Structures are given as structure tokens and as C-alpha cells.
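A short write-up of the structure that comes next.
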Amino acid sequence: MTIKVSPAGNIELIGICSSDEGEVLLQHLLATPHMMVDWRACEAAHTAVIQVLMATRPGLLGPPAALLLEKWVQPVLAATMDK
Amino acid sequence: MNEFLTQFVIESRELVEQATEGLLVLEHSPHDAERLDSVFRAFHTLKGGAGIVEFAAMERAVHAAEEILSGARAGKRTLTTALVGDCLACLDQVIQWLDAVEQTGELPSSAANTKADDTWLADMLERNPEVRAQVATALQFIPDPDCFYQGEDPLARITALPELLALDVQPMAAWPALNSFDPYKCNLVLTALTAASMGEVTAHMHGHSGTCEIQTISDVRTTPPASALPAQARNILTEQRAMLSHATAANLAGFVASAGLAAGNALRSCALAETAAIIAQATESSLSANSPEPLRHAISQLLSPTPAAVTETTKVSSKPEATAQTLRIDARRVDALVRLTGELTVAKNAAGHVAKLAQQEGNAIAGLLKDRQVVLERLIAELQESVLGMRVLPLRSVLQRFPRVVREMSLNLGKPLTLEIEGDDTEADKAIVEMLFEPLLHIVRNAIDHGIESLGERAARGKPPTARIRIRAARQADQVIIEISDDGGGIDVDRVREIARTRGVATEEELRLMPEMDIIDLVFAAGFSTAAKVTELSGRGVGLDAVRTAVERIGGRVSLESRAGDGATVRFSLPFSVMMTQVMTVEASGQMFGVPLDAIVETVSVPRTAIVGIGAAHAIVLRNRTVPVVDLAAILGLREAMSGETDATIVITSVAGHFGGLHVDRIGQRLEVILKPLDGLLTGMPGITGTTLLGDGRVLLVLDIGELLQ
């Protein structure tokens, strides 16, 4: 399990999140729409996961652990949140 | 259609013509650098125009052709027949688009569909000005919706691009409601800018699933950051500037003019007419200084974000703009003017009649009236000339379509051909120029199909393998002469005689007596066609008689001259203008008729006894030639044939090479009239071609000599 709800009440993305976990993340967010997503421990995330973040626009706790995510994906998500 | 689009269509058509003409020359002499430049410029300007009206599909198509030509200019490839064909096909597509634009008043929707594709690049560059200087390649990747199942991770692939400079991810379609959202379907468009080369990016994207567009941004690399111009105009300006830097002394003028035009249009399309005026000024300076620098500088100024351009703007644009030398006027307005001038001529003739009456009655002011009338006559003649001059078009507009026709036929029939066109700047009335294409096409097709021998026959006759078709146009007095000649086999007189006999065009007896020239002329007779096999190209059930009819309808004549084994020449003699017809009036049984002057050879007075009966017909012998004579009054049913002791007045006419005599009571005067075709109940009345009003208000029937003497 690399997606779980933390004791602090956030959805945590941990390690490498595969394409299957897009569905898991979506279910979490549907169940508790106001939860923040904490991706500070995320080392990689499949497009499917990122796409769920783009569509649901939860609050994000960052920066992510992986440099690539921080440099390229975070700005994309930030731009989505602004809308 | 908005004015801008109208202008775009007109200009594009001119460019297509220019490009087509050049391409056909290039096909035979692919190393003609000047021609190559001219064609390249035409394509370049076409592309610029398409860019301005945001016609993305056309822009892309023309760009592809431009790339080919650019390669040829750089010496990287030779223009083969196939490549020329590709470029021509591109122009065909452009013509289709232009036709559609003209018909609907808007860009074809297929073009609109693809429009979004092209804006992504400009948008992406605009949003990331800080990396612009380093961008080498841009790409847009739309992954297949099911790509996740195929193990594709689009975002990972793109973020791993070498030297990635900027990334943008957008939903392809708007996000659906979350409860119906399918996380396994990819709904993304990924756009990226990188400093890596096209090759590296292409290699990196290898094996992706979805659609991926990769573009090189070499020109943009040096572009300074955004100025106040819209992205579209800026792209066009940048391109013009890049083009100018390739200008050499030889092609400078063309490059400058082309770049100036494209840049000016781009600016006007953004409602920057004042700025466009600067470009026009700079183009002028560049042309007169024979250096691309002024124009390049002006474009650079516009592209630079500093306000220098603005100061420059106010300074230069205070100079007066050059005024246009030509006007585009709706043809209907000109026609209305022609009609009014015609009516004015009729009114003038009536006034002349009144003056004559006054003179006969010894009226004191008759002389004055006559003087005024003469002045009026001169002025109206001048007016008429200038009005008709407005309707005049060069024959180029028709003749320039032939290189394509000949090229295609040459390829289809496997007969190598060259086409020579001479005198395409000869002018004629619009109505004539416009009706000429079909008849000329028919003649040219016939010449190629039937006239030009097969390669084997040509070799046997010792002729060069490449046959020659020549179209020559020239103005002779008030006539326009067009000659179409070939160096083929000429007309086979025996075959013509044989076919005429079997098809009942002429009887055995007639044929035996007929001189060779007349037999050749039989190919224009109705019901005659020499095509042994009906090909797709000629012989589509319409014979050459259709050509003769069409030409004669506008007052022209067609004749054919054949040199056995050496080719044939078809000659069109056309009036310069269809509006005025010269007639001579004749009287028969107290009634006046007009005879078209172009049908009259001479008038003779012969003793009545010289008219001898040949069977039921009559004839005279004139300079050792038998000329059939008809009594005008008699054939029109006005009275019985005359007989008497006085001399007979005979008008000798010639129509399509046939001589004939009209026996009339009296010869009247020469008139220049506006011939009105018969309409209403009179339509189709045999023997009459039209009517006109005489000065005294009487109607003059103008005779159709050809029909009368048949």
C-alpha cells in the first residue's frame, strides 16, 4: 500500500505510486472530499495518479520527494489548482 | 465574405498562377535559379497569406511544398517531375480551398478543425518566454485514452525528455463529474518545449501510443521576448526577417517585395494599418537602396519589446502613403457603363439625323447643329473607347491555363510536348477572353490527340521526339488573331474526303469538285469527327463544328491551314470588342438591311446579263471565279427576282472562305452599331443575326450572310 490515510487525516502518497493507485486515490477523495493529499514521501507517480489529482484538485502538501515531480509535475498541479 | 478574405482569395489566385507557371518551366529546366526563386517566393507569400487569415490547413500544405522548393534552392535535391507534380497537386488543393472560400465566404470547416493544432505552439512559446531563446523542439503529445493498459506512463515519458525546458499538461476534454470519472482513461494533452534536437526528441518518443506532433523551432530561437504584437503576426514577421537574411543580390528585389507584402498583410490583419505603412515605407527604401537592411531593421524594431518601434512609428507614418494605381471594380458596373454608352451612341445618331433634316429644309441653325454634332460624335467615340478599354483583359488569363493541360496530356498520351505561348499580353474584350477557353482547349486537344504523331511515327519521319504546340496571339487592327499550330502530321485530305463521304457531310460529286482547302475545312462541318478511336481527351461527342459555332457567335472566324506531314495551324480571328459592329446598309425592295462589314469583300456593279442561271441558282463570274448570287429581296420573300436592263449592284461576301453575292437595289452607308441579338418572338429567325436602331428610329435588321447564302 503506498496510498493511505495518515493519522493527521491526510491522504498520503508514499514511494512509487503505480497506475492502479489512481483508482484507490479517487475512491479516497470521493469518500472524503475535503482531505488534503500529502505527497512529501512520493518518489514517483504514474500519470493515472496525477490525472486524478488534476481532476479532483485536492489541497496538496508538498513538495514531493522526487525532484522530477517537484520540478515538472508540481507546477502543472499548481496551475490546475489556480483555476 | 469580409474584405480581408476577398483580398486573400484574389491575391492567392494570382500567386497560384505565378507558381504554376514557374513550376511548369522548372520541370524542364530544374536548375533555372531565377524561376526557382520566383516559385519559392510565390509559395512563401501564399503561406504568409494563409497564416494571416488563420487558414492552418492551407498554411501547412503550402509549407510542405515550400520545404521541397527550399531544399531545391539549397541544392539539396533536384526537382523531379514527381516533385513538381506534388507541388502542382498542392496548388490544386489550394485552388479548391479558394473556390470553397469564395463560395461560402468563410474558411472550409476541415481547415477550422485543424486550426487548434497550430496554435498550441505559439501559446506554449508565449507562456514560457524565459526559455524561448533555448527552445529547439516543441512537441504535443496526446496519448491514446487506453494507453495506461499498455503500460504507458505519458507524464513519465515527457518529464524524461532530454533537456526539457517547459511542460504543460491539460485535460483533452473537460473533466467529467467525479463519480463518473474513469481513472484508467487517459484524458490529457501534454505539451513540452525542449532544447534537444528534433532527432533526439523523435527517438525519445519512439513507441508511444497516441498522436505526437514534433516541430523544430530553429527560427524562433533568436526571437526576442514578446512585443505588443499578437502571436500570429509575430510568427509571420519573424519568418519574413529570417527570409530576408537569405536574400542575395540576384533575388533581392523579389524577396524584399514578398517579405514586405506578407509582413504588411499580417499587420493589417491585426488592425495595425499604421504599422503596416511603416513596413510599406521600409519595403520601398529597401527596394530603392537595393538592400534588405531597411526592411529587416523595420521588422526587427516591431519585434523588439522596446518602445523604439513606437517612436519610429509616429515619425515614419507621417509621410504620405503611396496611393493605389488600380481599382477593382465589379464587372457589372462596367457593363452598365458600356450599355449606357451604347444608348448614348444611338442618341447621337438620332441627333445626326435631325441635323441632316434641318439641313435639307434649309434651316438657319443647321450648320451650327452639324458642328455641335461632330464634336459630340468625337467625344462619344472617345468615351466609348475608354469604356470598352475598361472591359479589356489580357489573353494571359486564358492562355496560362494551357501549360497544365498540355503537361497532363503529354504525360497521359506519352507524347513529349513543348508548349510555346506568344503574345499572351494581347488584350481583348472580357466577353471574348472568357469564352475562348473551351474552343481553344478543343483545338489544342485535337492537335495533340490527332495532329501529333506517336513517337514511332515521328522517328520514322525524322522529326524530333518532342512535339511542339504553339499558341500565338496578336492584335491586328480591330481584330485579335490567335493561332494554334502544331508540328504534327497535318490533315490527311484523303481521309477527310472519305469520312465526309461516308458520313454524308458532302456528296461524292461535291467532293470531287472541291478544292483541297475546302475539303480540309470540312472538319469544322457538323457531323464530322476524324477520331478513329474516341479518347477521353478529345472526341467527346462534340465536333470541331462546336468550335466554329462558338467563335462565330461572338463575331469571330475560324480557319484551318494544313501542311501535309508538317503540321496544321488553326486560326481564330476575333473582334477586339463584341460591342460595336460595323455594318453597311443595303436596300432591297424599299426596305433597308444591314450587312456586317466583316463579311463584305467588295461591291460590284455588273450588267444584268452577267448574272447567269445555273440550274435553279444564279451566279456571276468575277475575276475568273464563279460566285453564286442570290437576290436579297427574293430570298427574303419581298418580291420576285428582278429582271431588267439596268446594271445590278452586287455585294460580294465571304463567310468561312465561301464567296457569295447579294443582289441588292442600292448600297447605303456604313454605320457603327451596337448589335442586339434577337429576342422574344424573333429568336431563331433565320437569316437575321440581330437588330439595331437607326438614327431616325427605324429598326435595322442585320443579316446573317452565312445563313442566307447556304
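Note that the structure is predicted; figures quoted are calculated from it, not measured.
- In terms of non-hydrogen atom pairs under 4.5 Å with chain A, the most contact-rich of B:Leu164, B:Thr159, B:Leu190 is B:Leu164.
- Atoms OG1 and CD, on A:Thr47 and B:Glu152 in that order, are 7.5 Å from each other to the nearest 0.5 Å.
- The contact between A:Val52 and chain B is made by backbone and side chain atoms together, counting heavy-atom distances below 4.5 Å.
- Residue contact with chain B, scored on non-hydrogen atoms closer than 4.5 Å, involves the backbone of A:Ala45 exclusively.
- Contact detail for B:Pro183 and A:Gly22: the closest heavy-atom pair is CB-C, 4.1 Å.
- Across B:Leu178 and A:Ala55, no two heavy atoms sit closer than the pair CD2-O, 3.9 Å.
- When each of A:Val73, A:Leu26, A:Leu29, A:Leu69 is scored by its heavy-atom pairs under 4.5 Å with chain B, the top score falls to A:Leu26.
- Note that OH of B:Tyr184 and CG of A:Asp20 are 5.0 Å apart. Values are rounded to the nearest 0.5 Å.
- Put simply, CD on A:Gln51 and CG on B:Leu188 are 4.5 Å apart, with the number rounded to the nearest 0.5 Å.
- Heavy atoms closer than 4.5 Å to chain A are found nowhere in B:Ala174, neither backbone nor side chain.
- Between A:Leu30 atom CG and B:Phe181 atom CZ the span is 10.0 Å, to the nearest 0.5 Å.
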